Amino acid sequence: MIPIAIIGAGITGIACAQRLKEAGLKSVIFDKGRGIGGRVATRRIGGLQFDHGAQYVSAHGREFAAVLENLIVSGSATPWCTVNEHIGIVGSPGMSSLAKALAMDLEVRQNARVTSIEKIGNNWRFKTNDTDQTARTLIITVPSPQVPALLGLEHPLVSKLKGVSFAPCLTLMAAVCVPVSSMVWDDPNSSVSWIAQDSSKPNRSASDASTWVAHAGAKFSEQNLEKTPVELVDLMLPMLCDRLGVGLDQVSYASVHRWLYAHVIAPFGLPFLEHECSSLYLAGDWCIGSDVEAAWTSGTALANEIILRN
Ligand SMILES: Cc1cc2nc3c(=O)[nH]c(=O)nc-3n(C[C@H](O)[C@H](O)[C@H](O)COP(=O)(O)OP(=O)(O)OC[C@H]3O[C@@H](n4cnc5c(N)ncnc54)[C@H](O)[C@@H]3O)c2cc1C
């Protein structure tokens, strides 16, 4: 029997497990992915790497600022500055390093997609790809639109999620084999809402190609979500090349990642949700915000509540 099982090894799940561990409470995290970090992700292809999810993190609160400071001191994070401005803190050598560092001493089972959840007596039984697990307390930290598939449409917690909404994001990853001076483009209302030279972030490995990440705006992403990966590259690559002033023939690699649930548009408004049985909880960035700090705050707040009751 697992005392506390957490579904999702994004920043919410990791922060929750970390705080529980500090208080001497054991938890096990299950994640469907091959890596950990969820939307804080780094894709490695050959010698190239791309932070295709969260681009950087920043802290508004004192507690999260202290977490970032510790990550900087331990070498897992570093400030990212252009000539003119401080953009934020990035993982080193990739954004996923942040999640890996935070999850260092935790038990995380990867490639473990939870497919069903059932309450048996006072416990929670759930299935992953190939195992049956039982937990005393269950914490779900997946994006809210994915909760109904786990709990069922009729579950009382699911009806509370109606007001929460997400926007998708199409992310283009491209390598260009000619030098382009470093740039960051940030315009939420444009078809391409964000462009950054990934390889210009600090502590990236030296590579001949300069790597770029471009995010499509919410409207463009919504309208083109159903297109095939090849169609999406054909659509988005010319827009990036246009902005960079390079030819399509100067691109040595391009692919698109589809984030169905990327950015929270309308959050829930409280740091976590609790079922009346007091052994089932929901948490995630979507509870209170739309960024990594919101995820960390939600996971930590839930852990603090569970610690209080033990
Ligand atoms: C393109 C993009 C750009 C962004 N840019 C920024 C930025 O610059 N700065 C910033 O602060 N934030 C940014 N964000 C938002 C930030 O990434 C999120 O707010 C944060 O990472 C959310 O963490 P989370 O743990 O709540 O959710 P997630 O990271 O989504 O974690 C949920 C986890 O649950 C797992 N999971 C889902 N279903 C199951 C299942 N059935 N079984 C097992 N596991 C499951 C997933 O694999 C995932 O690991 C960006 C997000 C995207 C997508």
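Since the model is a prediction, treat every value here as computed from it, not as a measurement.
L170 and M236 get closest at one heavy-atom pair: O-CE, 3.7 Å. A pairwise comparison of heavy atoms in Q55 and M95 identifies O-SD, 3.6 Å as the closest pair. Counting all heavy atoms, side chain and backbone alike, M1 lies closest to A135 at SD-C, 3.7 Å. In terms of heavy atoms, F272 sits closest to A301 at CE2-O, 3.7 Å. When all heavy atoms of A9 and I14 are compared, the pair lying nearest together is O-CD1, 3.4 Å.
Hydrophobic clustering (side-chain heavy atoms under 4.5 Å, transitive across Ile, Leu, Val, Met, Phe, Trp, Tyr) groups I11 together with I306. In the hydrophobic clustering of ILVMFWY residues, with side-chain heavy atoms under 4.5 Å counting as a link, V256 and V176 come out together. The cluster map of Ile, Leu, Val, Met, Phe, Trp and Tyr, joined by side-chain heavy atoms under 4.5 Å apart, puts W185 and Y56 in different clusters. In the hydrophobic cluster analysis, where Ile, Leu, Val, Met, Phe, Trp and Tyr join through side-chain heavy atoms closer than 4.5 angstrom, W296 is grouped apart from I288. With hydrophobic clusters built from ILVMFWY side chains whose heavy atoms lie under 4.5 angstrom apart, V184 does not share a cluster with I195.
At a threshold of 4.5 Å between non-hydrogen side-chain atoms, the residues K119 and W124 count as touching.
A side-chain N or O of T128 and one of T131 form a donor-acceptor pair less than 3.5 Å apart. Checking E274 against S278 by side-chain atom types alone, a donor-acceptor pair falls below 3.5 Å. Side-chain atoms of R19 and N304 form a donor-acceptor pair, as typed in the model, at a separation below 3.5 Å. Side-chain atoms of D51 and T42 include a donor-acceptor pair closer than 3.5 Å.
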Mind running side-chain contact (heavy atoms from CB on, under 4.5 Å) on L235 and E231 for me, showing each step along the way? CA-CA 6 Å; L235 255 182; E231 287 170 337; 6.0 Å; no
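Within the 6.0 Å centre-distance limit, the rings of H275 and H155 are counted as a close aromatic pair. Annotation: W259 is in aromatic contact with H52 [ring centroid separation under 6.0 Å].
We find that R39 and D285 are joined by a salt bridge, their nearest charged nitrogen and carboxylate oxygen being less than 4.0 Å apart. In this structure, E107 pairs ionically with K26, as a charged nitrogen and a carboxylate oxygen lie closer than 4.0 Å. Salt bridge annotation for K219-E222: absent, with no cationic side-chain nitrogen under 4.0 angstrom from a carboxylate oxygen.
In this structure, SG on C16 lies 4.5 Å from CG on L302, to the nearest 0.5 angstrom.
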